[in-house]
Amino acid sequence: MEKFDTIIIGAGPAGLAAAYDLKSNGQKVAVIENNLWGGTCPNRGCDPKKVFLSGVEARDRIAQLQGKGFDEVPFVNWKQLETFKEKFTDPVSKGSRDGVVKAGITAIDGQPKFISEGELVVNGQDHYQADKFIIATGQRPSYLNIEGKEHLLSSTDFLSLKKMPEDITIIGAGYIAFELATIANATGAKVHIIHHNDRPLKEFNQSYAMELVKQLEEKGIDFNFNVDTQAIIQQTNGQYFLKADSFELKTDLVIGATGRIPNDDFLDLEKAKVDYSRHGIVVNNKLQTTNENIYAIGDVVATKQPKLTPVGGFEANYVSDLITGKANDDLDLPLIPTVIYGSPKLAKVGVQESDKVVDQDVTSWFTYSHTNEPKAKVRIVLNKKDEIIGATLLSNEADSMINLLTMAIKRHMTHADVIKEIMAYPTAASDLEYLI
């Protein structure tokens, strides 16, 4: 039986970041992975999704300039873009594992289970001990418990489709649903979104969320709110029949985008005296579990902050500093901006409500009108000192602008501070002085 200073369970971005940091500090480190090395983001999540969205963005620009320099608006060629995506995803798992080995970190393949507070077994046969453990096992898609649930595909399945069907239905109205719908729509597929209530993207300002819905409807996406799907029935012709109260729909493919659940139910955490709930592994302000020698980071943690790759990386660096004695303060997460890569994009950061809000329709501004964007809106939230404390943006530029506003909030900038800066013109950033 081999013993390590630290064993990390999960070889995603968070787990690998911790592994490399601990190794660089002289620790004997092992990483255990039971699936794809590199984790969800580069293999079957944000990175491949972004490749597909590059096609959406290219088509959007042409569509916005139809009759203004372009005559034809092509649909995205799914097969070609899928092949292009594989250029990025295919090398990830092997490359991630090879990098671990090259760094002198022990790479272990298989299913780990704790058998005590300081020992685990992999694949039921190989035993390992460590002074510290870090659990970074992430999340996986959850599925509706309805008749025909076996016909539901996940976002992972969507991103690996070899052919886009003519008609596709997505159940759910969160980040993933909007992004997959945007991608499928750009290929020419008829897309339906079904949601059990009338509040899509509940984390966002609803006027902005509904404006995004409107923009996607104008692109041909069919939204069905207050529809609680009860059954999915496969037809003899291969299509699927969705049933709900006073609602029926035939479609070629059904994607479930109704949330994700933590990967904590296969580790036998009880034997390690680690508490967990349906939301994930319970941690304190130092990301320690109920076993002080076991930490949890990333998406598997039962905390309310957004489950995003950069958050997992931040937590990984924090925990590695704790373990190596470089830090002892409680975790203090910075502001976390979030983006929905729809068409247009929707982004937010910071406080969303206050006594002073500047809400502007900026569609006619040159930044957006020169590409003929159909709608661009910016909502800036200020405190009593006129400092920026939050923002919501809807535009093709929202993903880059939200980072600038995050920095402005961090620096407690007011309008007087903003106008002291000189930004490249004409860019979305150069508009900032007119937004507050």
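Residue numbers start at 1 and run along the sequence shown.
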### Message
I'd like to know if the side chain of S154 pairs up with that of D157 as donor and acceptor (distance under 3.5 Å, no hydrogens or angles considered).
### Response
yes

### Task
For T367 and D431, test the side chains for any donor-to-acceptor distance below 3.5 angstrom and give the result as yes or no.
yes

### Query
Can you list every salt bridge (charged side-chain N to carboxylate O under 4.0 Å, His left out) pair that touches residues 251-268, not counting sequence neighbours?
R140-D265, D268-K271

#### Entry: Heavy-atom pair with the smallest gap, counting every atom of V362 and Y368
O-CD1, 3.3 Å

### Query
Could you state the interatomic distance from CD1 (I170) to CD (E179), rounded to the nearest 0.5 Å?
10.5 Å

#### Entry: CA sep, side-chain torsions, deciding dist, call: K219, D60, salt bridge (charged side-chain N to carboxylate O under 4.0 Å, His left out)
CA-CA 10 Å; K219 294 175 186 292; D60 278 353; 3.6 Å; yes

### Query
Under 3.5 Å, is there a donor-acceptor pair linking the side chains of N205 and S207?
yes

### Message
Ring of Y295, cation from K132 - is the NZ or CZ under 6.0 Å from the centre and inside 45° of the axis?
### Response
no

#### Entry: Set of ring-ring contact (aromatic ring centres under 6.0 Å, His included) partners for Y276, sequence neighbours left out
none

### Query
Among D131, V29, T106, L22, which residue meets the side chain to side chain contact (heavy atoms under 4.5 Å, CB included) test with F4?
T106

#### Entry: Verdict with reasoning, E119 to H127, per side chain to side chain donor-acceptor pair (under 3.5 Å)
CA-CA 7 Å; E119 185 177 343; H127 290 248; 2.9 Å; yes

### Partner of E82 under salt bridge (charged side-chain N to carboxylate O under 4.0 Å, His left out), chosen from K163, K162, K87
K162

### Message
Test your reading of the model: is there a side-chain donor-acceptor pair from K307 to the backbone of T303, 3.5 Å cut-off?
### Response
yes

#### Entry: Straight-line distance of L249 CG to F247 CZ, nearest 0.5 Å
4.5 Å

### Query
Got a donor-acceptor contact below 3.5 angstrom from the Y318 side chain to the L331 backbone?
yes

### Query
Between the side chain of T137 and the main-chain N/O of N263, is any donor-acceptor distance below 3.5 Å?
yes

#### Entry: Check: K273 main-chain N/O paired with T290 side-chain donor or acceptor under 3.5 Å
yes

### Task
For N185 and A181, indicate whether the former's side chain and the latter's backbone hold a donor-acceptor pair under 3.5 Å.
no

#### Entry: Pairing residues for F266 by the ring-ring contact (aromatic ring centres under 6.0 Å, His included) criterion, not counting sequence neighbours
none

### Summary
Nearest heavy-atom contact between P337 and T406 is CB-OG1, 3.5 Å

### Task
Measure from the side-chain N and O atoms of K113 to the backbone N and O of V122, and report whether any donor-acceptor pair falls under 3.5 Å.
no

### Query
Just checking, any donor-acceptor pair under 3.5 angstrom between side chains of Q305 and E315?
yes

### Task
Could you tell me whether the side chain of D275 and the main chain of V282 form a donor-acceptor pair under 3.5 Å?
no

### Message
Could you check whether D222 and H192, counting side-chain N and O atoms only, form a donor-acceptor pair closer than 3.5 Å?
### Response
yes

### Message
Does D330 have more than 12 heavy atoms from other residues, nucleotides or ligands lying within 6.0 Å of its CG?
### Response
yes

#### Entry: Nearest non-hydrogen partners of P48 and P42, listed with the distance
CD-O, 3.7 Å

### Query
Do Q352 side-chain atoms and G350 backbone N/O form a donor-acceptor pair below 3.5 Å?
yes

### Summary
Nearest heavy-atom approach of Y20 to A103 is CE2-CB, 3.5 Å

### Message
To the closest 0.5 Å, what do you measure between CD1 (I168) and CZ (F158)?
### Response
5.0 Å

#### Entry: Side chain K28, main chain D5, donor-acceptor under 3.5 Å
no

#### Entry: Value rounded to 0.5 Å, distance of CD1 in I389 from NZ in K356
11.0 Å

### Task
Please report the shortest heavy-atom distance between L242 and I171, naming the atom on each side.
CD2-CD1, 4.2 Å

### Message
Can you see whether H412 engages D417 through a side-chain donor-acceptor pair at a distance of less than 3.5 angstrom?
### Response
no

### Query
Among I134, I8, T6, which one satisfies side chain to side chain contact (heavy atoms under 4.5 Å, CB included) with V319?
I134

### Query
So, the side chain of T414 versus the backbone of D386: is there a donor-acceptor pair under 3.5 Å, distance only?
no

### Message
One pair to check against side chain to side chain donor-acceptor pair (under 3.5 Å): D21 and S320. What are the steps and the verdict?
### Response
CA-CA 7 Å; D21 201 8; S320 64; 2.4 Å; yes

### Ring centres under 6.0 angstrom apart (F178, Y341)
no

